[in-house]
Amino acid sequence: MATGLSAIFMTHRAALLRFLRARGAGDDAEDLLQDMWMKLEAKDLGPVADPLPYLYRMANNLMLDRYRSSTRRERREQDWAGGAGGVMADPSDDVPVDDRLILNQQLDEARSILRALGPRIELVFRRFRIEGVGQKVIAEELGVSLTTVEKDLQKAYRAMIALKQKLDTE
């Protein structure tokens, strides 16, 4: 049985869905609610003074994060297409097969190093460096301080720099 914020979420789920759709989430509204539910279940938030406004703010923030991420992704694709003369080509077409294999091995090695640092550090690095989510937003999502996010990024950067130095000497 759901308790606390989860119970309030379930009671007001339909209203939250209408709220997200009215704010422009469209077909993503259900996905956003699912993400919201997962976050609520993953965190032990304790008592919240005003739970319903908190849930609406959380829903709105998730929608904004998804919009920003989508906008960044579209901008990157447009920039890349513009650099390729407006033609979306497969970037691996110009890379010889043996070089592609080496690059894939290096990428796998980087992934395994990040994975070894722990799931939170791996998630923080991916959200910040790849998805372009701000450090403050990441801290709020994970329920940790901004300093913790910064330290996690520093650990990931040190590991990536060490890998780069290793690969440069090979």
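Nearest heavy-atom pair, A156 versus L114, reported as atom, atom and distance to 0.1 Å: CB-CD2, 3.8 Å. The two atoms that bring I113 and A159 nearest to each other are CG2-CB, 3.6 Å, heavy atoms only. Heavy atoms only, all atoms of each residue included: L40 and S6 are closest at CB-OG, 4.3 Å.
Rounded to the nearest 0.5 angstrom, L55 CG and D50 CG are separated by 11.0 Å. Annotation: the span from L163 atom CG to D168 atom CG amounts to 9.0 Å, rounded to 0.5 Å. Here the straight-line distance linking atom CG of L52 with atom CZ of R57 works out to 11.0 Å at 0.5 Å rounding. Interatomic distance, CG of L5 versus CD of E41, reported as 10.0 Å (0.5 Å rounding). With rounding to the nearest 0.5 angstrom, the CZ atom of R111 is 6.0 Å from the CG atom of D108. Note: Q165 CD to L167 CG = 10.5 Å, rounded to the nearest 0.5 Å.
At most 12 heavy atoms of other shown residues, nucleotides or ligands fall within 6.0 angstrom of atom OH in Y67. Shown here is D27, whose CG atom has no more than 12 heavy atoms of other residues, nucleotides or ligands within 6.0 Å.
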- Evaluate the side-chain contact (heavy atoms from CB on, under 4.5 Å) criterion for residues M36 and L33: first the C-alpha distance (whole Å), next the side-chain angles of each, then the deciding distance (0.1 Å), finally the verdict. CA-CA 5 Å; M36 196 170 156; L33 281 181; 4.2 Å; yes
Show me the side-chain donor-acceptor pairs of residues 118-139 shorter than 3.5 Å, one per line, residues at least two apart or across chains.
from : atom 1 : to   : atom 2 : distance (Å)
R120 : NE     : D152 : OD2    : 2.6
R120 : NH2    : D152 : OD1    : 3.1
R120 : NH2    : D152 : OD2    : 3.3
R126 : NH1    : E131 : OE2    : 2.3
R127 : NE     : E141 : OE1    : 3.2
R127 : NH1    : E131 : OE1    : 2.5
R127 : NH2    : E141 : OE1    : 3.0
R127 : NH2    : E141 : OE2    : 2.6

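Hydrophobic cluster membership is shared by L17 and I8, with clusters built from Ile, Leu, Val, Met, Phe, Trp and Tyr side chains linked at under 4.5 angstrom. No single ILVMFWY cluster, assembled from side-chain heavy atoms under 4.5 Å apart, contains both L146 and L153. Under the 4.5 Å side-chain heavy-atom criterion for ILVMFWY residues, a single connected hydrophobic cluster contains both M10 and M58. L64 and F19 fall into different hydrophobic clusters, where Ile, Leu, Val, Met, Phe, Trp and Tyr are joined by side-chain heavy atoms under 4.5 Å apart, directly or via other members. Neither Y54 nor L142 shares a network with the other; the hydrophobic side chains, linked directly or stepwise wherever heavy atoms of I, L, V, M, F, W or Y lie under 4.5 Å apart, form separate groups for each.
For the pair K164 and M160, the minimum side-chain heavy-atom distance is 4.5 Å or more. Counting only heavy atoms from C-beta outward, the side chains of R21 and E30 approach each other to under 4.5 Å.
When atom types are taken as modelled, the side chain of S70 and the backbone of R66 share no donor-acceptor pair closer than 3.5 angstrom.
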